[in-house]
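Since the structure comes first, as structure tokens, the remarks are kept for the end.
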Protein chains: 4
Amino acid sequence: MARGINKVILVGNLGNDPDVKYTQGGMAVTTISLATSSVRKDKDGNQQERTEWHRVKFFGKLGEIAGEYLRKGSQVYVEGSIRYDKFTGSDGVEKYFTDIVADEMQMLGGRGEGGGGGGGGNYERSAGGGQRPQRQESAAPRRQAPAQQPQPAMDDFSDDDIPF
Amino acid sequence: MARGINKVILVGNLGNDPDVKYTQGGMAVTTISLATSSVRKDKDGNQQERTEWHRVKFFGKLGEIAGEYLRKGSQVYVEGSIRYDKFTGSDGVEKYFTDIVADEMQMLGGRGEGGGGGGGGNYERSAGGGQRPQRQESAAPRRQAPAQQPQPAMDDFSDDDIPF
Amino acid sequence: MARGINKVILVGNLGNDPDVKYTQGGMAVTTISLATSSVRKDKDGNQQERTEWHRVKFFGKLGEIAGEYLRKGSQVYVEGSIRYDKFTGSDGVEKYFTDIVADEMQMLGGRGEGGGGGGGGNYERSAGGGQRPQRQESAAPRRQAPAQQPQPAMDDFSDDDIPF
Amino acid sequence: MARGINKVILVGNLGNDPDVKYTQGGMAVTTISLATSSVRKDKDGNQQERTEWHRVKFFGKLGEIAGEYLRKGSQVYVEGSIRYDKFTGSDGVEKYFTDIVADEMQMLGGRGEGGGGGGGGNYERSAGGGQRPQRQESAAPRRQAPAQQPQPAMDDFSDDDIPF
DNA sequence: TTTT
DNA sequence: TTTT
């Protein structure tokens with residue numbers, strides 16, 4: 001039985017466009033690099049800003065939505081859980097990865113009444129918006145999000161990695 | 001000793017400008033009416049939207065910041081706890097109130113890169129921004145936020161209500 | 001579209017046994033009264049304890065599980081959302097209710113290794129544990145949980161109230 | 001200014017006794033290894049259990065409390081934030097670490113009324129409970145918590161690492 | 001790499 | 001009463 005709670009709540013901005021891949025079974029696996037920053041005073045009383053870069057993964061339908069609507073700079077609310085993985089590289093060295101597996105996502109940044117006249121939403125509906133993305137194993141490659149942690153090769157993923 | 005966790009996380013939009021009041025001790029008590037809406041399918045399969053209106057209270061310094069930066073329509077992240085109160089009206093009828101007592105707040109809605117050219121932030125710094133508000137028991141009254149639940153009279157509040 | 005986040009996380013103890021009812025459609029609606037307490041210093045520096053009594057509702061399968069496993073005194077983790085309702089009584093007076101609608105629940109209090117010898121788990125599997133409860137509209141009434149807020153009559157509920 | 005939300009909520013059990021160290025400035029840095037497990041169905045429909053081992057760090061006063069009251073097997077609620085760190089080992093290889101920096105903690109597992117007669121709390125007050133631990137750089141080493149990720153040497157820490 |  |  002499930003035993004324990006593992007919950008993460010993030011609000012941050014994307015450092016790059018989402019990276020969308022598909023498993024052999026055709027399921028979307030979308031990865032974003034999400035920045036959250038905070039300030040604290042160091043021991044000398046100076047303001048210190050620190051930014052964490054979270055690697056967030058969206059699977060399945062949520063992955064398609066994330067890939068379609070999110071863009072570099074978008075502000076987003078993410079809820080999910082932490083997953084730690086270990087891969088052994090071809091050089092025999094063990095590498096550790098930490099992912100946030102998202103199970104809820106919400107785009108932020110509508111215009112409030114306080115906001116002045118002109119335009120400017122937070123996200124741009126991608127061309128061809130409404131329709132469900134085709135399977136596109138060989139789609140034009142988007143720029144890979146350079147997350148703080150290096151990523152394992154996509155070959156290491158299979159449909160078994162979909163966590164639900 | 002503390003026993004239990006009582007935590008609320010909200011992301012929503014203000015239905016009205018904040019209502020800022022001050023206790024006799026000079027502490028700010030800012031109240032906002034915050035909408036969160038969600039959809040579900042009813043038993044006939046129709047999409048039904050439902051909006052909850054949360055009455056959120058900010059005390060002290062956080063109350064001053066909320067009163068200064070938030071405006072009707074602003075999108076905001078709030079973290080806090082639920083507090084249930086009971087007041088007996090002058091007619092002898094007991095009335096129940098539920099408040100979210102905020103202990104963290106963050107304004108949302110910066111411009112992402114996806115957002116086009118023009119202006120449009122989410123909030124407007126109020127005139128006289130930087131300086132700390134004077135004690136203003138008799139300040140010009142702002143429009144009262146008509147929260148879902150009616151509010152008890154401010155006379156019912158004292159410095160003892162500051163929850164920390 | 002869904003707009004906003006309305007999330008509640010509670011860890012507390014039940015003030016009474018769960019109250020299990022069934023809608024006409026046969027869905028369980030289980031209500032518990034959950035205490036969370038905290039301490040703060042009042043303005044005279046004295047420790048003040050304050051307890052909030054949350055009325056938490058579980059629907060459907062989760063309601064059956066809650067009714068089966070939870071008992072007065074049980075410690076439980078609950079995740080859900082806040083719902084405000086207004087009912088007009090037969091006397092024409094409007095009454096306001098606040099519920100936590102649970103969508104996740106986890107019983108706490110397994111025996112850690114640090115805990116000494118003897119018995120004592122946190123919850124007691126009810127007689128007839130494993131099997132799904134029969135429909136029991138006319139089951140022997142359990143003692144009603146004396147939540148802080150009085151409850152509207154069950155007649156006011158219908159299958160439409162199941163929030164998903 | 002702070003920008004973003006980075007919040008983690010965990011409920012789990014300790015895999016080992018806490019590891020308490022002190023910085024040169026005399027501040028406690030307590031590390032625990034916390035297990036949260038969950039089940040999902042794999043693509044063949046089999047129940048699969050997966051356990052994440054979180055490395056949770058408590059600083060300062062909270063670190064002293066954690067070191068004093070938590071024990072292997074204890075069930076605990078932790079709230080904090082995720083912190084990613086990179087250390088370059090003496091072999092020149094970069095290593096990545098993920099920590100949960102706790103800012104709230106609560107022990108779980110009090111005796112509910114449902115729990116039978118005998119003993120058995122969840123945690124054991126350590127001998128010498130009430131008094132504040134002495135500075136004990138050279139205290140008898142406790143068994144190191146075997147977290148999923150290996151730990152950097154304590155020499156890599158300084159008072160600057162206290163995140164508040 | 002984001003954002004303010 | 002907000003927002004999309």
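In what follows, chains are A, B, ... by sequence order, proteins preceding strands, each numbered from 1.
One can place CD of A/Glu49 at 11 Å from C1' of E/dT2, the figure rounded to the nearest angstrom. Distance OH (A/Tyr77) to P (F/dT4): 19 Å, rounded to an integer number of Å. At whole-Å resolution of the value, CG in B/Leu108 and C1' in E/dT4 are 13 Å apart. Note: CZ (B/Arg71) to C1' (F/dT2) measures 15 Å, nearest angstrom. Atom CZ of A/Arg55 is separated from atom P of E/dT2 by 19 Å (rounded to the nearest Å). Atom-to-atom, CD1 of C/Ile5 to C1' of F/dT2 comes out at 16 Å; the value is rounded to the nearest Å. What separates CD of A/Gln75 from P of E/dT3 is a distance of 11 Å, to the nearest Å. Between the CD atom of A/Gln48 and the P atom of E/dT4 there is a distance of 21 Å, rounded to whole Å.
Considering only the side chain of B/Asn13, F/dT2 comes nearest among E/dT2, F/dT2, E/dT1. Nearest to the side chain of B/Asn16, among F/dT1, F/dT2, E/dT2, sits F/dT1. The side chain of A/Ser33 lies closest to E/dT1 when the candidates are E/dT1, F/dT1, E/dT2. Of the candidates E/dT4, F/dT3, E/dT2, E/dT4 carries the atom nearest the D/Arg3 side chain, counting heavy atoms from C-beta on.
A salt bridge links B/Arg50 with C/Asp85: at least one charged nitrogen is closer than 4.0 Å to a carboxylate oxygen.
Distance NE2/A/His54 to CD1/A/Ile100: 7.0 Å, rounded to 0.5 Å.
For D/Phe87 and D/Phe97, the ring centers are positioned less than 6.0 Å apart.
Considering only residues two or more places apart in sequence or on other chains, B/Thr30 meets the side-chain hydrogen bond (donor to acceptor under 3.5 Å, both in side chains) condition with none of them.
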